[in-house]
Amino acid sequence: MYTITNLAREFKLTSRTIRYYEELGLLHPKRSANGSRIYTNKEYALLRLILRGKRFGFSLEEIKDMVLLFDKDRTGIQQLERTVVYGEQKLEEVTQRIKELEEIREEISLLMVDFKEKIMMLRGENI
């Protein structure tokens, strides 16, 4: 069992972020007699999945869609199928972004060569 403070500290999040995930329906903590949130190992694992999804660039809506499918289908098949669909989309986005970054890198490299030659020319140095 974990308190919100324990989870926030362990995952380097604010308590507000964890409460926000609860508001979105991603986490469902139990309540103690005094009303404090109590998180189980299930919420701990869900929080890890949420953060992994965010690190991979998935939206919270996509993460929610993937994560909560397990509650509807305990075989995990639907969850895995949805994850594959989203994963393929994300992989295509990443591939496209890498291509764009490589083009930017090439353009910057060419500009740097041009700029260095111009500096040498302006200084009257041989190229």
Side-chain angles (χ1 to χ4, degrees):
M1 300 294 218
Y2 305 90
T3 65
I4 196 167
T5 304
N6 297 138
L7 288 181
R9 189 175 306 124
E10 176 142 355
F11 289 100
K12 296 180 176 76
L13 300 170
T14 64
S15 296
R16 177 67 192 117
T17 298
I18 296 171
R19 285 192 298 275
Y20 180 64
Y21 295 156
E22 182 182 344
E23 289 171 21
L24 293 177
L26 287 162
L27 300 173
H28 303 283
K30 295 177 178 15
R31 296 285 181 160
S32 68
N34 68 1
S36 297
R37 291 169 172 84
I38 299 175
Y39 297 87
T40 64
N41 288 335
K42 179 181 177 184
E43 278 78 34
Y44 183 93
L46 282 171
L47 191 51
R48 285 181 61 136
L49 288 173
I50 292 165
L51 296 177
R52 180 185 299 160
K54 285 184 54 124
R55 191 178 82 228
F56 291 158
F58 292 105
S59 70
L60 286 175
E61 195 58 40
E62 290 169 328
I63 293 167
K64 181 179 179 180
D65 194 25
M66 290 183 283
V67 168
L68 296 184
L69 271 175
F70 188 75
D71 290 336
K72 295 176 184 172
D73 172 22
R74 290 295 191 177
T75 67
I77 294 171
Q78 288 181 2
Q79 183 183 41
L80 288 171
E81 289 173 339
R82 184 70 48 85
T83 301
V84 166
V85 169
Y86 285 146
E88 287 173 343
Q89 291 170 353
K90 188 56 63 185
L91 190 57
E92 181 56 36
E93 290 173 20
V94 168
T95 300
Q96 184 59 39
R97 184 68 179 136
I98 289 170
K99 182 180 175 198
E100 292 169 5
L101 289 170
E102 287 173 341
E103 290 170 359
I104 291 169
R105 180 181 59 199
E106 182 63 25
E107 190 174 333
I108 290 172
S109 291
L110 292 173
L111 281 171
M112 292 302 99
V113 168
D114 288 346
F115 292 164
K116 288 175 183 177
E117 287 176 0
K118 183 157 182 128
I119 289 169
M120 291 176 73
M121 193 180 328
L122 291 170
R123 289 183 175 159
E125 299 172 4
N126 293 331
I127 296 178

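A quick note: this is a predicted structure, and the numbers were derived from the prediction, not measured.
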Same apolar cluster: [X] and [Y], side chain cutoff 4.5 Å:
{"X": "Ile4", "Y": "Met1", "answer": "no"}
{"X": "Val85", "Y": "Val67", "answer": "no"}
{"X": "Leu49", "Y": "Tyr21", "answer": "yes"}
{"X": "Ile119", "Y": "Met112", "answer": "no"}
{"X": "Leu68", "Y": "Leu47", "answer": "yes"}

Between [X] and [Y], is there a side-chain N and carboxylate O pair less than 4.0 Å apart?
{"X": "Lys116", "Y": "Glu125", "value": "no"}
{"X": "Glu93", "Y": "Lys90", "value": "yes"}
{"X": "Lys30", "Y": "Glu43", "value": "no"}

Quiz item: Of all heavy-atom pairs between Ile50 and Ile63, which one has the smallest distance, and what is that distance?
Solution: O-CD1, 3.5 Å

Exercise. Determine the minimum heavy-atom distance between Lys54 and Leu60, stating which atoms define it.
Key: CD-CD2, 4.0 Å

Practice problem: Please name the residue in the list Leu13, Thr5, Leu7 that meets the side chain to side chain contact (heavy atoms under 4.5 Å, CB included) test with Arg9. | Solution: Thr5

Quiz prompt | Partner of Leu69 under side chain to side chain contact (heavy atoms under 4.5 Å, CB included), chosen from Lys64, Gln79, Glu81 | solution = Gln79

Quiz prompt | Residues, nucleotides or ligands: over 12 heavy atoms within 6.0 Å of Glu107 CD | solution = no

Self-check item: is_close_aromatic(Tyr44, Tyr39), centroid dist under 6.0 Å
Solution: no

Exercise. Determine, using ring centers only, whether Phe56 and Tyr86 are less than 6.0 Å apart.
Key: no

